[in-house]
Amino acid sequence: MEGSGVKIGRICDTLLTTTPQICIERARLVTDSYRKHEDKPAILRRANALRNVLMNMSIYMLDGELIVGNQASKPRSAPIFPEYSIDWIREEIDDFPRRKADVFLVDDEDREELLEEILLYWEGKTVYDRALAIMPEMAKKVQEISVISGLGNITSGDGHIIVDFPLVINKGLKSIIDRVNERIANLDLSSHTAIKERIFLDAVKVVLEAAIAFAERYANETERLARMEDNPSRKEELLEIARICRKVPAYPSETFYEDIPAIWFIQVINQIESNGHSFSLGRLDQYLYPLV
């Protein structure tokens, strides 16, 4: 049986020898969803965009990997978030492969699709565009000369967040869906506030169901790989991964080995959704301790 140290070393070698590249898959799926749901409230458009990504993005497993969940279509690939800002992409995309630091390769076909199709949809519709539209002229001038700058807050997702990981591992996402359904059933839709709440609850349900389906996609993939695996030890690992992906984050985890994938799925989905900075795992030592 291959030791965990050997597996980790092989995965590290793969990552360290892979040159980062741009992945436009998320940008394509988000844009397609926004086009399809233009008649819906903003929160539902965003929820459905995340659902479209989680249901259709490429998934994969590295050789020997035990914890699954990828953010882009290939290892060390960087997804694009056009809904926040597109000007910088146009200005810098040709420099990505040539700059001295943080080199990212750009496929020619991806570059063409990104510049000539995807970004065209987002002209005048990004978060940055909307922020500029309501920004006082003085604030614009101050930002232009770099006296102060809010670019980090209006060209990327929310950050400095710790989500409720203990809720996920102790209760599971299906328990939250049950609470949402109960809340929906008790709403008085004759109230305008209840109508707004219904839209929010519908969005919550879309996202939670998509997160569960995302994990189930990995369960299906690992079962497929297990059927083709000749190594009995690896086959057993793959089947165990599939079992866990069918359980978490939908249901409570009961072991340390179930805790980790549940937490990782939520962490990856957070990044796929909003590209926020500093998504923290919080006090892992405290909420994982009971099952260590």
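Quick note: numbers below take in every heavy atom, side chains included, and nothing from hydrogens, waters or symmetry partners.
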Requested in this report: For Arg198 and Leu187, indicate whether the former's side chain and the latter's backbone hold a donor-acceptor pair under 3.5 Å.
Outcome: no
Query raised in the report: Sub-3.5 Å donor-acceptor pair from the side chain of Arg98 to the main-chain atoms of Asp94, do we have one?
Result: yes
Requested in this report: In plain terms, say whether Glu137 and Lys140 are close enough for a salt bridge, that is, a side-chain N and a carboxylate O under 4.0 Å apart.
Outcome: yes
Query raised in the report: Within a reach of under 6.0 Å around CZ of Arg179, are more than 12 heavy atoms found that belong to other residues, nucleotides or ligands?
Result: no
**Report entry** hydrophobic_cluster_shared for Ile89 and Ile154, side chain cutoff 4.5 Å
**Finding:** no
Query raised in the report: Distance-only, no hydrogens or angles: does the Glu258 side chain make a donor-acceptor pair with backbone N or O of Glu254 under 3.5 Å?
Result: yes
**Report entry** Cationic tip of Lys125 above Tyr121 ring, under 6.0 Å, 45° of axis
**Finding:** yes
Query - Worked verdict on Asn181 versus Lys205 for side-chain hydrogen bond (donor to acceptor under 3.5 Å, both in side chains) - result: CA-CA 8 Å; Asn181 287 333; Lys205 190 173 178 180; 2.8 Å; yes
Query - Joint hydrophobic cluster, Tyr257 plus Val248, side-chain heavy atoms closer than 4.5 Å - result: yes
Query raised in the report: If only atom types and distance count, is the side chain of Ser175 paired as donor or acceptor with the main-chain N or O of Gly172 below 3.5 Å?
Result: yes
**Report entry** Gln267 side chain vs Phe279 backbone, donor-acceptor pair below 3.5 Å
**Finding:** yes
Requested in this report: Please confirm whether the backbone N or O of Val106 pairs with a side-chain atom of Asp110, one donor and one acceptor, at under 3.5 Å?
Outcome: no
Query raised in the report: Any salt bridge between Arg51 and Glu273, counting N to O under 4.0 Å?
Result: no
Query raised in the report: Is a salt bridge present between Glu123 and Arg90, judged by a nitrogen-to-oxygen distance below 4.0 Å?
Result: yes
